[in-house]
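Encoded as structure tokens, the structure appears first; notes follow it.
We name chains A, B, ... by the order of the sequence lines, and we start the count at 1 in each one.
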Amino acid sequence: MSKFQFPESIKSRPVYGTLEPRVGKFHLMIADAEGAEAILELAAQDSALMAKSHIIFIPNGTDYGDQLKALNPAQYYEGPSYAASVQRIRHVLANAHQGLQVYLTGTEGLMGQAQNEAMQAGIPHTFIQTEHRGSVARRMQCVHCKGITEDVMTDPFVCSHCGLNLFVRDHYSRRLAAYQGVCIDAEDPGNVPEPVELYK
Amino acid sequence: MTIQFNDETFRDDYSFHNSDWAIKRFPFPFHEDSYMYAVNMEQHRGGPEGSVYEKRFDVDEHYVAEMRDRAMVLADDPLRCQSLPHMTLAGWDLLELIMVSKSEDYPDLFELHHDADQWRWVNKPLGIDDTFTFLDETTLPYGPMEYITRQTQGDFCVLDQREENLWMDAGMVTTQADWSLDFDLGMNFFEWHAPVPLAHEMGIFKRALKFLLNIQQGAPARRMNWTMTVNPLLDTSPENYHKWGIQKTTLTPENIGSKQHLRVELQTFFRLPRSNALVFPIRCYLCSFQDLMTMPKWGRRLHRVVRDLPVELATYKGFIDNRPMMLDYLSQFDDGLPTSPGVFPEPETEPPLNKAG
């Protein structure tokens with residue numbers, strides 16, 4: 001239900017897969033909202049997985065918490081926001097040993113930011129599993145003021161920092177965990193098309 | 001030959017200009033009357049005397065003014081120069097390459113003196129005389145890459161080589177054709193080229209990467225790229241696009257000859273010795289349409305290239321809206337005569353324009 005097939009795009013745009021249990025000493029699972037469904041499906045594939053798992057879940061208004069807790073993971077944490085959870089994520093990654101498996105699922109913004117933390121901890125991005133679930137909103141960087149606008153659902157949109165009207169590019173930076181937004185009316189100030197919902 | 005450095009600007013009043021010498025040596029990028037993407041790599045081992053291909057790092061009459069413009073861009077936006085932590089050694093490699101090359105190629109302008117680890121660098125055009133300890137960052141006012149590229153024309157991408165790929169892990173980028181170092185930093189070869197249309201499907205990037213991965217020390221390579229810029233603006237960055245984009249709409253049939261510039265990138269590639277990184281200088285040359293038209297061969301050819309360019313490329317290069325006006329102007333300089341092969345203008349042998357009115 002919550003899986004969305006992104007249209008094929010340019011080579012910097014991330015491609016997401018389907019989470020599968022991998023052999024590992026320990027498993028770090030970071031999810032937001034409908035990403036919980038992917039973790040429930042993952043747990044169902046391997047009954048031994050949860051005893052070695054740490055789930056970090058950001059509900060964003062959903063109520064999957066009890067189901068995830070019922071999986072009896074070795075550690076379970078529910079955070080009110082990604083920003084509130086990031087210190088914990090960094091700590092877990094910094095203290096991780098060889099053999100840690102990382103699973104990211106939910107929105108692109110959540111996966112991108114958590115992947116970035118894992119990369120900074122020395123885990124190559126190609127070793128990190130991702131599965132998109134839920135909202136197709138994007139995390140956008142304004143190329144002009146560098147401010148990040150979270151949860152962008154339309155193209156164009158207004159930069160939440162500098163107020164410029166930006167169009168949504170597919171060009172993506174793992175380092176910034178964001179897509180690029182570029183001024184849409186630079187050559188014809190004020191001529192801003194009606195915003196259209198992404199992928200519509 | 002002593003170079004007379006221009007006092008000129010690349011912003012505001014745009015007093016940039018090319019001398020007759022600079023026009024004649026302008027690196028016109030079209031070797032025939034049409035253009036399509038190609039890897040088009042060749043060895044960077046000199047070229048005709050006086051041409052931009054002759055020296056490893058070409059210095060021309062715009063040097064001092066370009067360095068002044070770069071300093072202004074960096075003061076406004078320091079993120080135009082970035083180096084990931086593992087790239088410092090490559091920065092020293094680059095500093096050495098440029099100092100050695102320039103002091104050998106332009107001994108009247110640049111001097112490098114060694115005394116063990118103590119290096120003395122003299123840059124006469126910019127009035128610099130610094131002594132520092134090689135491989136010790138604390139003895140320079142900037143990191144090594146930033147220090148030397150504040151004194152060298154062209155943008156610089158310093159690419160780390162690993163996993164059979166090249167990674168944009170450091171750079172000095174202030175004269176770019178609308179791409180952001182800050183955004184692309186850390187990307188691999190395919191990722192930072194992702195927005196380019198058509199070329200992926202043509203296999204251009206796979207072939208180019210294969211070539212670049214195999215570049216050896218002492219055997220640099222080069223290629224050309226080009227686009228169009230209204231006004232001689234070096235800093236056509238996405239960061240400032242909301243400020244300069246509007247200038248594209250200021251072209252009129254009366255001012256197009258002086259305002260519209262062909263922007264050519266001479267891209268070179270050098271393997272660096274200690275880091276095994278690849279440095280990719282992107283040197284920008286600008287020439288107004290009216291100056292290009294002083295060479296009959298270039299007038300004929302530019303008209304044909306712009307006229308026949310696929311829509312995707314004219315769109316990507318940002319001049320699709322202005323193309324009709326460009327063609328109105330350029331067609332006056334195309335009398336239909338054939339052009340000789342190759343990029344050089346051949347003013348002595350090419351027939352003059354044979355067109356009435």
Side-chain angles (χ1 to χ4, degrees), chain A residues 6-15 112 115-127 138-148 156 158-159 161-192, chain B residues 76-80 82 84-86 162-165 167-170 176 178-201 204-206 209 230 236-251 315-316 318-322:
Chain A
F6 292 103
E8 211 170 298
S9 183
I10 63 174
K11 287 181 187 295
S12 58
R13 196 213 194 291
V15 176
Q115 176 183 259
N116 194 273
E117 294 296 335
M119 284 162 57
Q120 288 189 40
I123 303 172
H125 72 93
T126 45
F127 291 5
R138 291 193 186 193
R139 189 167 189 266
M140 301 294 307
Q141 189 204 35
C142 172
V143 75
H144 311 292
C145 80
K146 308 291 182 188
I148 299 277
V158 176
C159 174
H161 301 266
C162 70
L164 284 175
N165 293 290
L166 307 178
F167 68 93
V168 172
R169 293 187 81 190
D170 276 356
H171 199 31
Y172 181 84
S173 162
R174 274 191 302 277
R175 190 178 70 90
L176 302 170
Y179 290 93
Q180 189 175 68
V182 179
C183 183
I184 197 168
D185 58 339
E187 296 177 35
D188 191 1
N191 183 9
V192 180
Chain B
D76 286 347
D77 182 2
L79 296 177
R80 303 299 188 85
Q82 297 193 51
L84 294 178
H86 61 280
R162 58 180 195 271
E163 299 166 35
E164 285 298 292
N165 213 324
W167 302 80
M168 178 83 70
D169 286 348
Q176 66 285 65
D178 207 5
W179 66 278
S180 166
L181 172 73
D182 181 51
F183 196 81
D184 289 0
L185 193 71
M187 290 189 190
N188 71 35
F189 190 76
F190 298 113
E191 291 167 346
W192 86 68
H193 284 116
V196 182
L198 305 180
H200 291 275
E201 295 80 344
I204 296 280
F205 292 122
K206 276 192 182 136
L209 177 63
V230 175
T236 47
S237 59
E239 278 82 356
N240 284 331
Y241 169 64
H242 60 306
K243 299 175 190 161
W244 61 263
I246 190 75
Q247 295 181 25
K248 290 200 218 173
T249 65
T250 60
L251 279 190
T315 304
Y316 175 66
F319 65 87
I320 189 77
D321 291 344
N322 285 331

Which residues share a ring-ring contact (aromatic ring centres under 6.0 Å, His included) with B:W192, sequence neighbours left out = B:F189
Are there more than 12 heavy atoms of other residues, nucleotides or ligands under 6.0 Å from atom CD of B:E201?
-> yes
Contacting moiety of B:H200, where chain A heavy atoms sit under 4.5 Å | side chain
Please report the closest heavy-atom contact between B:E191 and A:H171, naming both atoms and the distance.
-> O-CE1, 3.2 Å
Where is the tightest heavy-atom contact between A:P189 and B:I246, given as atom of each residue plus distance?
-> CD-CD1, 3.5 Å
About how many Å separate CZ of B:F190 and NZ of A:K11, when rounded to the nearest 0.5 Å?
-> 7.0 Å
Closest approach of A:V143 and B:P238, non-hydrogen atoms and distance?
-> CG1-O, 3.6 Å
Can A:C145 and B:H242 be said to form a side chain to side chain contact (heavy atoms under 4.5 Å, CB included), step by step?
-> CA-CA 11 Å; A:C145 80; B:H242 60 306; over 6 Å; no
Report the option among A:C183, A:S173, A:A178 that has the most heavy-atom pairs separated by less than 4.5 Å from atoms of chain B.
-> A:S173
Is the closest basic N to carboxylate O distance between B:D182 and A:R175 below 4.0 Å?
-> yes
Apply the test side chain to side chain contact (heavy atoms under 4.5 Å, CB included) to residues A:T126 and B:E163: give CA-CA distance (whole Å), side-chain angles for both, the deciding distance (0.1 Å), then the verdict.
-> CA-CA 12 Å; A:T126 45; B:E163 299 166 35; 5.6 Å; no
With a 4.5 angstrom heavy-atom cut-off, could you sort out which part of A:E187 is near chain B: side chain, backbone, both or neither?
-> both
Residue list, ring-ring contact (aromatic ring centres under 6.0 Å, His included) with B:Y241, at least two apart or on another chain | B:W244
Compare every heavy atom of A:Y172 with every heavy atom of B:M187, then report the nearest pair and how far apart it is.
-> CE-O, 3.1 Å
Is the closest side-chain heavy-atom distance between A:K146 and B:E239 below 4.5 Å?
-> yes
Residue, of B:A194, B:G245, B:S180, that accumulates the most heavy atom pairs under 4.5 Å with chain A | B:A194
Most contacts with chain B, counted as non-hydrogen pairs under 4.5 angstrom, among A:R169, A:H144, A:R174 = A:H144
